[in-house]
There are 2 protein chains.
Amino acid sequence: MAGKRERIAIRRIDNLAARQVTFSKRRRGLFKKAEELSILCDAEVGLVVFSATGKLFNFASSRT
Amino acid sequence: MAGKRERIAIRRIDNLAARQVTFSKRRRGLFKKAEELSILCDAEVGLVVFSATGKLFNFASSRT
DNA sequence: CGAGCTATGTATAAGTA
DNA sequence: TTACTTATACATAGCTC
């Protein structure tokens, strides 16, 4: 019923809806990886993302 | 000879050598994902990482 | 430290609802 | 859209050089 994943080319996704869905999914994945890297490797990580519509998302590791 | 991968917990890797190797591998993966997100979704992304030893790595999307 | 290798874990492209 | 499902692409832990 689902799951026919194909490889995709790394270039701007034309379809707006698809692009937004992909943005949400990959953004979460990216932030998760960023946090994992900081924890696993005791590194400091700062990440800032602006969506195409200007919405801000950010992460910063902190050892206070 | 190789490939007996186990799942790992997300907490600081104690062994220094292992931590550094993981840092190198995951850092590359993270930067790759960051670039892909910026391209695929037309987003602006800024990423800065300091290794535990203070080495800097950074990426910034640019539509200039 | 970096460069393969490979088994596995994980992320995610498409579909469905 | 927003969530959930699932097949599959991709990332990567553990080794070996």
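Protein chains get the first letters and strands the later ones, always in sequence-line order, with residue 1 at the start of each. Below, all heavy atoms of this structure are taken into account, side chains as well, without hydrogens, waters or symmetry copies.
Looking at B:Ser38, its side chain does come within 3.5 Å of a backbone N or O of B:Glu35 through a donor-acceptor pair.
Nearest-nucleotide positions on DNA chain C place B:Lys55 closer to the 5' end than the other of B:Lys55 and A:Leu30. Judged by closest nucleotide on DNA chain D, A:Ala17 is the one of B:Glu36 and A:Ala17 placed further toward the 5' end.
Going from atom CD of A:Glu44 over to atom OG of B:Ser51 covers 9.5 Å, rounded to the nearest 0.5 Å. Atom CG of A:Leu40 and atom CZ of B:Arg12 lie 11.0 Å apart (nearest 0.5 Å). Annotation: the span from A:Leu37 atom CG to B:Arg26 atom CZ amounts to 7.5 Å, rounded to 0.5 Å.
Atom pair A:Arg27:CZ and C:dA13:P shows a separation of 14 Å (rounding to whole Å applied). At whole-Å resolution of the value, CD in A:Glu6 and P in D:dT8 are 10 Å apart. Here C:dC1 presents its P atom at 11 Å from CZ of B:Arg19, a figure rounded to the nearest Å. Atom-to-atom, CZ of B:Phe31 to P of D:dC10 comes out at 21 Å; the value is rounded to the nearest Å. Across the protein-nucleic acid pair, B:Leu16 atom CG and C:dC1 atom P stand 7 Å apart, rounded to whole Å. Taking atom CD1 of B:Ile8 as the reference point, atom P of D:dT12 lies 10 Å away to the nearest angstrom. Rounded to a whole Å, the NZ atom of A:Lys33 is 9 Å from the C1' atom of D:dC10. Per the geometry, CG belonging to A:Asp14 stands 15 Å off P belonging to C:dA13, to the nearest Å.
B:Arg28 comes within contact range of the sugar-phosphate backbone alone, with a heavy-atom separation under 4.0 Å but no base atom that close.
Checking the phosphate oxygens (OP1, OP2) of C:dA13, a side-chain nitrogen or oxygen of A:Thr22 falls inside 4.0 Å. Taking side-chain N and O atoms only, A:Lys32 has a distance below 4.0 Å to OP1 or OP2 of C:dA11. Distances shown here put a side-chain N or O of B:Ser24 below 4.0 Å from the OP1 or OP2 atom of C:dG2. Between A:Arg7 and the phosphate of C:dA13, there is no side-chain N or O to OP1/OP2 separation shorter than 4.0 Å.
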Inset, instruction - Begin with the C-alpha distance, continue with both residues' side-chain angles, and end with the deciding distance and a verdict on side chain to side chain contact (heavy atoms under 4.5 Å, CB included) for A:Phe31 and A:Val49. - result: CA-CA 10 Å; A:Phe31 277 85; A:Val49 175; 3.9 Å; yes
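For A:Lys25 and C:dA13, a side-chain-to-base donor-acceptor distance below 3.5 Å is present, hydrogens and geometry of angles not being considered.
The gap from the C1' atom of C:dC1 to that of D:dC17 amounts to 13 Å, rounded to the nearest Å.
Among the nucleotides C:dT12, C:dA14, D:dT12, the one closest to the side chain of A:Arg5 is C:dT12.
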